[in-house]
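What follows is a short report on a single structure.
Every value quoted in this text rests on a predicted model; they were computed, and no experiment measured them. By convention in this document, chain letters (A, B, ...) are assigned in the order of the sequence lines, proteins followed by strands, and residues within each chain are numbered from 1.
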Protein chains: 2
Amino acid sequence: MLQSQVSAESLPHAEYDGPTPVLRQWAAPGLATLVAGLPLQRRCMRARQYLFRAGERRQSLFLIHAGCFKTCVISPDGREKVTGFRLRGDLLGIDALDMPHYACNAISLDVGEVWELPVAQLRDSLPDFQQRLTAVLASEIRRDWGWMLAIGTLSAEQRVITFLLDLSARLEALGFSARCLTLRMTRADLGNFLALQLETVTRALSHLQALGMIGVERRQIRIEDPSGLRAMLGTASLH
Amino acid sequence: MLQSQVSAESLPHAEYDGPTPVLRQWAAPGLATLVAGLPLQRRCMRARQYLFRAGERRQSLFLIHAGCFKTCVISPDGREKVTGFRLRGDLLGIDALDMPHYACNAISLDVGEVWELPVAQLRDSLPDFQQRLTAVLASEIRRDWGWMLAIGTLSAEQRVITFLLDLSARLEALGFSARCLTLRMTRADLGNFLALQLETVTRALSHLQALGMIGVERRQIRIEDPSGLRAMLGTASLH
DNA sequence: CGCCAAGTTGAGACCTTTCAAACGCTGTGG
DNA sequence: CCACAGCGTTTGAAAGGTCTCAACTTGGCG
């Protein structure tokens, strides 16, 4: 249980030589260590299980301890948009900190575990907890802007590359392999997030594989040539 | 000086019957009244003047008192992305609250005035200032998600409509006319924000004018048929 | 008065979408 | 144990929306 990304971890570690251009700001580190001593409510998740839904009464924040989640918003007329894929260390629910109800859906893509944070209590006991929250929020804004930039200025293939490099770097920061990743989301989710059709995502992956840049086997992705991929971003036709 | 949007204000007020579907969360209100008594540094701006640039040392936050600003991020390889257009009451610089340097450029699109907020001082004197900040940050995240949704799921024309309705509603909330608006940004800025080419923006505006939905005269936009516009969003082919 | 930035419009090319079909897993029931 | 349904993925071919490039117009400003 909770063993998401083990397949990646069992593979050899590899170098990752430099940050992805823009998408390079993560949440404030160390929140997990901060709450280590507290009596937290732990909650295990199955794949495709909702952690919470937009509109539900917001009781607490959740710190991801294991697994992979997607967050998505849905417009009144039914259009859906995946706003991000969240990994261990990410906070879920912060976007509704000032509201009585959640503002998005949070769905587990795999088995996982979250820790429920008692916000009011933490605010009192930890002097700089509130400031930590603002840091997490600000960095989420910058992350979103990075993706808006990518979606607005890059071709389909470049967006997919950006996603792969970003995910690779995030997984590596968590101690997993940067070269071999398991996508926990469907092509449809990925396309939705990158503002592409799922077929376009598939084609981009196939093409990158044909170029020898990556290896694709269903949701297992091997990054064969990281610097080659990064070079394909630099040669941006600026759209 | 500071008389941005006067042209709109001098025109008759008109009804705005209902919120724009998704993009409907604004910054926490009343920040201006909160800081009313404090000895704030005021700063006047000209058109095209930078309030701050990404990378500059961040000293303070700025509360827009008058005018219109754009914020934008620039990737290392020179791709630019307008992340938003900011009006009176909006806070500039919050996205870098946890950093020593600004994370975006803030550029005045018109004459305007900002109030410089001494963050550290406010944090001490106003008990819930920090909490207000988190509210502003969270609402910025939701706003960004709304635009990501629009850009990812709507056609060019629908994005332009969404922008016009959003701006109209924001201006009305500030006491300006909801029917007659002055765009302070160029077509290029608008296109950049909406992930479209400037020519596509022009064509969308021309087409909406041909349909009798709006009147276009350079940067003066008259919204002739708000519900008609909103209907064009509902008839989304879901891309 | 003339230059220049901003905006408009047209025509063609191109990338992505759309629609369709086939394939491969996975879980279920006979 | 295998057949089968169902979802996710892959690939092809055609259509279409947006981009690109270009010319022209307009209004502002030195």
Checking all strands, does Ala195(A) fall into the base, sugar-phosphate, or nothing category for heavy-atom contacts under 4.0 angstrom? sugar-phosphate
Which part of the nucleic acid, if any, lies within reach of Arg219(B) when heavy atoms closer than 4.0 Å are counted: base, sugar-phosphate only, or nothing? sugar-phosphate
Students often get this wrong, so: under 4.0 angstrom with heavy atoms, is Thr186(B) touching a base, only sugar-phosphate, or nothing? sugar-phosphate
Would the number of heavy atoms belonging to other residues, nucleotides or ligands and lying under 6.0 Å from CD of Gln41(A) be above 12? no
Give Leu196(B) one of three labels, base, sugar-phosphate or nothing, depending on what nucleic acid heavy atoms sit under 4.0 Å from its own. sugar-phosphate
Without decimals, in angstroms, what is the distance between Leu183(A) CG and dT10(D) P? 10 Å
With a 4.5 Å cut-off on side-chain heavy atoms, are Val114(A) and Phe69(A) touching? yes
Distance in angstrom units between Arg203(A) CZ and dG8(D) C1', rounded: 15 Å
Side chain to side chain, Leu233(B) and Thr162(B), heavy atoms closer than 4.5 Å: yes
For Ile221(B) and dT8(C), give me the distance from atom CD1 to atom C1', rounded to whole Å. 13 Å
In whole angstroms, how far is the P atom of dT10(D) from the NE2 atom of His207(A)? 15 Å
What does Leu205(A) touch in the nucleic acid at a heavy-atom separation under 4.0 angstrom: a base, only the sugar-phosphate, or nothing? nothing
Would you indicate which nucleotide in dG7(C), dT11(D), dC19(D) comes nearest to any side-chain atom of Arg187(B)? dG7(C)
Round to a whole Å and report the spacing from CZ of Arg184(B) to P of dG7(C). 13 Å
Check against side-chain contact (heavy atoms from CB on, under 4.5 Å), Asp90(A) and Arg170(A): CA-CA 11 Å; Asp90(A) 288 340; Arg170(A) 289 170 69 193; 3.1 Å; yes
Could you walk me through whether Lys70(A) and Asp189(A) satisfy the salt bridge (Lys or Arg N to Asp or Glu O under 4.0 Å) test, starting with their C-alpha distance in whole Å, then the side-chain angles of each, then the deciding distance to 0.1 Å, before giving a yes or no? CA-CA 9 Å; Lys70(A) 75 169 178 184; Asp189(A) 283 335; 2.9 Å; yes
If I take atom CZ in residue Arg48(A) and atom P in nucleotide dG27(C), what distance separates them, rounded to the nearest angstrom? 9 Å
Please figure out whether Arg218(A) or Thr200(A) has its closest DNA chain C nucleotide nearer the 5' end. Thr200(A)
Ser206(B), nearest nucleotide to its side chain (from dT8(C), dT9(C), dT10(D)): dT9(C)
Nearest whole Å is fine: how far is dA15(D) C1' from Glu199(A) CD? 14 Å
Measure from CD on Gln197(A) to P on dA15(D) and round the result to the nearest Å. 18 Å
